[in-house]
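Down below is the structure, laid out as structure tokens.
Numbers restart at 1 for each chain; the letters A, B, ... are given by sequence-line order, proteins then strands.
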Number of protein chains: 2
Amino acid sequence: MLLRIDPESSAALYDQIAGSVRREVAAGRLPAGERLPSARDVAEALDVNLHTVLKAYQQLRDEGLVEMRRGRGAVVSARADALAELRADAAALAARARSLGVSGETLAALVRAAAED
Amino acid sequence: MLLRIDPESSAALYDQIAGSVRREVAAGRLPAGERLPSARDVAEALDVNLHTVLKAYQQLRDEGLVEMRRGRGAVVSARADALAELRADAAALAARARSLGVSGETLAALVRAAAED
DNA sequence: TAGTTGTTATAGATGAACTATAACACTTCG
DNA sequence: CGAAGTGTTATAGTTCATCTATAACAACTA
């Protein structure tokens, strides 16, 4: 499990961490049932405060991507398998968008809008 | 053209405005060549500062979604037609994600990751 | 020329983000 | 049981992006 952050980025640290985890899950490197590294470990590894990592984890919990409990840690939910299923379709859509000159940010916004209708 | 913002939302105002415009474009209600309302008009209508609107417009310009020039205003670029083409595919993907219990935010993150690979 | 547009500059106020520390509640394991 | 590890909650302080306000400037249109 490799989590990366860019301190220079304007994006919030906890958003970067959450995004990094989503990426691992979507890639299948974090299958359902797998435990995420403890927030304290991640905080130390990334040289970041514990709360910042926990805020990222809670964001993922609110999305239903992980389940959290005291003493047990954060575990990837069964929904992760569904995500992996969608990956190929998402890649195809991204490829088509690229060939049309549409940016990733614009495409993501389009998808989000479609999902919320 | 209807732009809406939620002052209570935690999302930045300029992100909400940019997202609102993307939505209009994706829905085809803002076709290529169409002019966006002037930043000053939007600022007054939404009771927001001029700079906040301009920051949203510049974000859209950086994405290539609009073209801006002094005196002329912001015009939807030809790329908007490509966006409309992608709309059906995005809707299909969103529907599939919903049936799998995957949130819009998670799906958008997945797509963004796919687009940036 | 007059009016409208985006652009740039400066400066201040506010609040989210991030940090630091500590204690607490629950689970697992020896 | 006790110890160690987990997420949770609380408090408090610092930093910095966001948002505002005002003003002037440059390019385009009518």
_Matching residue for A:Val76 among A:Asp81, A:Val21, A:Leu36 - test: side chain to side chain contact (heavy atoms under 4.5 Å, CB included)_ =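 Of all the options given, the one that passes is A:Leu36.
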inquiry  = Which residue is it: B:Val66, B:Asp15, B:Leu65? I am looking for the one with a side chain to side chain contact (heavy atoms under 4.5 Å, CB included) to B:Gln59.
reply    =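 Of the listed residues B:Val66, B:Asp15, B:Leu65, the side chain to side chain contact (heavy atoms under 4.5 Å, CB included) partner of B:Gln59 is B:Asp15.
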Take the protein atom [atom1] of [X] and the nucleotide atom [atom2] of [N], then report the distance between them rounded to whole Å.
X       : N      : atom1 : atom2 : result
B:Tyr14 : D:dT18 : OH    : C1'   : 7 Å
B:Gln59 : D:dA17 : CD    : P     : 16 Å
B:Ile17 : D:dT20 : CD1   : C1'   : 13 Å
B:Asp47 : D:dC19 : CG    : C1'   : 12 Å
B:Met68 : D:dC28 : CE    : C1'   : 14 Å
B:Gln58 : D:dT18 : CD    : P     : 13 Å
B:Leu46 : D:dC19 : CG    : P     : 12 Å

Query - Earlier contact from the 5' end, DNA chain C, for A:Asn49 and A:Arg70 - result: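 Nearer the 5' end of the strand: A:Asn49.
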Exercise for review: Hey, which sits more toward the 5' end of DNA chain C by its nearest nucleotide, A:Leu50 or A:Arg72?
Suggested key: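 Upstream on the strand: A:Leu50.
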Is the shortest side-chain heavy-atom distance between A:Glu85 and B:Leu100 below 4.5 Å?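 In short, these two side chains touch, coming nearer than 4.5 Å.
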#### Entry: Flag, side chain of B:Ser77 to backbone of B:Glu67, donor-acceptor distance under 3.5 Å
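Looks like no, no N/O pair under 3.5 Å.
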Under a 3.5 Å distance rule, please check whether B:Arg98 uses its side chain to pair with a backbone N or O of B:Ser103 as donor and acceptor.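 Pair absent, no side-chain N/O of B:Arg98 close to backbone of B:Ser103.
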Check: Is A:Leu54 touching bases, backbone alone, or none of the nucleic acid, heavy atoms closer than 4.0 Å?
Finding: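 It contacts base atoms.
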All heavy atoms of A:Arg35 vs all of A:Arg72, minimum pair found to be CD-O, 3.4 Å
Closest to the side chain of B:Arg40, out of D:dT20, D:dG7, D:dA24, is D:dA24
Original post:
Hey, where on DNA chain C does chain A first and last touch, going 5' to 3'? Cut-off is any atom under 4.0 Å from a heavy atom.
Top reply: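 Here the contact window of chain A covers C:dA17 to C:dT28.
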Assert: residue with more 5' nearest nucleotide on DNA chain D, out of A:Gly71 and A:His51, is A:Gly71
| field | Ion pair check, A:Glu63 and A:Arg79, cut-off under 4.0 Å | value | no
Counting only side-chain N and O atoms of [X], is one of them less than 4.0 Å from OP1 or OP2 of [N]?
X       : N      : result
A:Arg35 : D:dT6  : yes
B:Thr52 : D:dT20 : yes
B:Lys55 : D:dC19 : no

